[in-house]
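No experiment lies behind these values; they were computed from the predicted model shown.
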Amino acid sequence: MSQPPDVQARRPGADLDEHLSLLRRRWLLLVGCVVVGGTAGLGLMRLTPPAYTATTQVHVMPVGPQEPGNQVTARQREALNLDTEAQVAQSAVVAARAARELGVEATEPADVTVPPNSAVLWISVTAADPRVSATQSHAYAEAYLAHRRESALDALAAQQQVVLAKLKQVNAGIDAGIKELAGLAKGTPERAIALQRQGVLNRQAASLALKYDALRTVAVTPGAIISRAAPPTRPSAPSLPLYLGTGLMAGLLIGSAAAYARDRLDTRLRTAADVERLTGLPVLGDLSSPREDGVAHDLACAVVAACPGKRLLVKTLPAGLSASFAGEPLEIRAPLSVLDGSDVRDLARADAALLLLGLGRVRAEQVTAAAVRLGRHDLPIIGVVTATDVVPTFLPLLESHPHTPLGKLVATGEFGVSVSAETTPMQALRQTLPGQQP
């Protein structure tokens with residue numbers, strides 16, 4: 001027997017089992033979407049033109065005095081900021097310089113990476129032609145080194161100008177101090193102050209002269225190319241794992257979504273869980289799974305316990321379900337009169353109704369319509385029994401009651417028909433067609 005909905009919700013893995021069962025039911029749609037996704041990925045890869053990537057490795061060296069902001073860290077082992085240098089290498093200024101050197105209007109964009117714990121830049125260029133990618137990658141490296149050299153020389157020249165201007169200012173102060181000392185008497189406080197000021201200026205002048213000489217003798221070495229780019233022999237794109245994996249994953253996601261949508265829009269009842277989810281009726285027994293000992297007994301007990309009276313109407317959906325399967329008699333006798341609806345009085349005599357549903361053959365709309373028809377006669381539905389290939393006949397529960405046709409009920413007076421004294425019962429039931437004489 002199937003468990004109540006609250007028990008199924010608390011059972012570990014019940015939700016996962018339901019999802020997997022849904023995908024198994026819609027496996028054809030799922031597999032179709034996966035195949036289409038993989039085929040689309042392969043087709044897109046075939047339509048995508050190949051691209052080749054060439055890489056030039058540049059060893060970057062510090063130029064000039066170390067800047068105060070460049071601290072040596074685990075990421076930055078050299079006295080320079082490689083992340084900043086990487087941004088400079090792929091800047092528009094370097095790209096324009098490389099384009100001028102190659103004699104082209106524009107170059108392909110460069111991708112610059114920095115290996116960890118190194119002072120090396122990897123300058124990569126991707127193009128449709130392998131020779132073009134190698135040439136432009138090398139041009140980027142040369143343009144970057146030239147730009148860095150010029151920037152370093154300009155910075156050194158600016159520093160030299162600043163130091164030289166300061167040195168000239170100090171020398172002018174020294175000359176003024178010498179003239180001032182010539183007019184001061186020895187041993188006077190003014191002369192002592194002037195001598196002290198003259199000593200300070202002399203020391204400043206010596207320091208500035210040393211700094212100026214150091215700036216003039218700085219060797220500007222921006223770096224060197226340690227690995228020149230060679231034309232690649234294999235394309236770097238498109239990538240088979242990327243396109244095929246993306247297509248399969250997209251197909252899997254679309255297939256899963258389509259399977260869920262298709263299953264939600266399909267109102268055909270395939271499992272006992274579908275009956276409870278789509279109709280809201282409790283499932284007293286599920287005979288669609290392999291039979292176990294005592295299943296028929298438990299089903300009969302559940303039916304007897306749920307029936308509020310002594311007469312139970314069994315409604316089969318679709319019609320003729322029990323006739324299309326081999327019957328399986330229950331092994332007990334219960335104090336119930338099971339009505340199959342063949343007698344016209346069954347609907348009026350029944351105290352409750354039980355729906356017998358053929359899974360995979362009936363839809364939720366049919367069950368709802370049957371429930372509405374039974375509700376019009378104030379006949380409560382105690383539950384549902386689901387089956388696929390074998391259904392119970394409830395023969396031991398049946399009490400013998402002869403099948404009474406409608407004509408016999410009219411003849412015996414159990415089914416009252418209002419007729420006049422001048423007409424016979426058959427004439428009263430006959431309808432007069434338009435255009436005929438009564």
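Closest approach of Leu23 and Ala259 over heavy atoms only: CD2-CB, 4.2 Å. When all heavy atoms of Ala370 and Leu317 are compared, the pair lying nearest together is CB-CD1, 3.8 Å. Smallest separation of non-hydrogen atoms from Pro231 and Ala134: N-CB, 3.7 Å. In this structure, Thr221 and Arg148 approach most closely via the heavy-atom pair O-NH1, 4.4 Å. Val114 and Ser118 get closest at one heavy-atom pair: CG1-O, 4.5 Å. Between Val132 and Ala127, the closest heavy-atom pair is CG1-CB, 4.0 Å.
Using a cut-off of 4.0 Å between Lys/Arg side-chain N and Asp/Glu carboxylate O, Glu142 and Arg97 are scored as not salt-bridged.
Between atom CG of residue Leu355 and atom CD of residue Gln366 there is a gap of 11.5 Å, rounded to the nearest 0.5 Å. To the nearest 0.5 Å, atom CG of residue Asn81 and atom CD of residue Gln87 are 10.0 Å apart. Residue Asp129 holds its CG atom at 9.5 Å from CD of Gln136, rounded to the nearest 0.5 Å. The CG atom of Leu29 sits 8.0 Å away from atom CZ of Arg26, with the distance rounded to the nearest 0.5 Å. If you take CG on Leu156 and CZ on Arg216, they are separated by 12.5 Å, rounding to the nearest 0.5 Å. Rounding to the nearest 0.5 Å places CD of Glu150 at 8.0 Å from NE2 of His147.
Taking 4.5 Å as the limit, every side-chain heavy atom of Val36 sits out of range of all side-chain heavy atoms of Ile254. By the 4.5 Å heavy-atom criterion applied to side chains, Leu313 and Leu354 are not counted as neighbours. Two residues are said to be in side-chain contact when any heavy atoms from C-beta on lie closer than 4.5 Å; Ile225 and His59 fail this criterion. Inter-residue side-chain proximity for Leu312 and Val303 is flagged as met; some heavy-atom pair is nearer than 4.5 Å. The shortest side-chain heavy-atom distance between Leu102 and Thr135 falls under the 4.5 Å cut-off. Taking the side chain as every heavy atom from C-beta outward, Val120 and Val60 never approach each other to under 4.5 Å. Looking at Leu281 and Glu276, their side chains never come closer than 4.5 Å, going by heavy atoms from C-beta outward. Annotation: side chain of Val58 is in contact with side chain of Leu145 (closest heavy-atom distance under 4.5 Å).
Residues passing the side chain to side chain contact (heavy atoms under 4.5 Å, CB included) test with Leu240, sequence neighbours excluded: Leu42, Met45, Leu244. Annotation: side chain to side chain contact (heavy atoms under 4.5 Å, CB included) contacts of Arg24 (sequence neighbours excluded): Leu20, Ser21. For Pro232, the side chain to side chain contact (heavy atoms under 4.5 Å, CB included) partners are Tyr52, Ala54, Pro130, Ser133, not counting sequence neighbours. With sequence neighbours left out, Leu44 forms a side chain to side chain contact (heavy atoms under 4.5 Å, CB included) with Thr48, Tyr243.
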Could you go through the side chain to side chain contact (heavy atoms under 4.5 Å, CB included) check for Val31 and Val35 one step at a time? CA-CA 6 Å; Val31 172; Val35 172; 4.2 Å; yes

With side chain to side chain contact (heavy atoms under 4.5 Å, CB included) as the criterion, how do Gln90 and Ile123 come out once you've worked through the C-alpha distance, each side chain's angles and the decisive distance to 0.1 Å? CA-CA 8 Å; Gln90 58 187 354; Ile123 303 177; over 6 Å; no

Before you tell me yes or no, could you show the steps for Leu164 and Gln160 under side chain to side chain contact (heavy atoms under 4.5 Å, CB included), namely the whole-Å CA-CA distance, both residues' side-chain angles and the distance that decides it to 0.1 Å? CA-CA 6 Å; Leu164 184 59; Gln160 291 175 11; 5.9 Å; no

Working for side chain to side chain contact (heavy atoms under 4.5 Å, CB included), residues Leu359 and Asp286: CA-CA 10 Å; Leu359 295 180; Asp286 182 16; 4.2 Å; yes

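Listed by first and then second residue, the ring pair (Phe, Tyr, Trp, His ring centres under 6.0 Å) pairs involving residues 83-107 amount to none (not counting sequence neighbours). Screening residues 99-116 for side-chain hydrogen bond (donor to acceptor under 3.5 Å, both in side chains), with sequence neighbours left out, gives Thr107-Tyr140.
For the 3.5 Å distance criterion, the side chains of Thr53 and Ser124 fail to qualify, holding no donor opposite an acceptor.
Using modelled atom types, one side-chain atom of Asp351 and one backbone atom of Arg311 make a donor-acceptor pair closer than 3.5 Å. The closest donor-acceptor contact from the side chain of Ser137 to the backbone of Thr56 lies under 3.5 Å. In this structure a side-chain-to-backbone donor-acceptor pair under 3.5 Å is present from Ser236 to Ala51.
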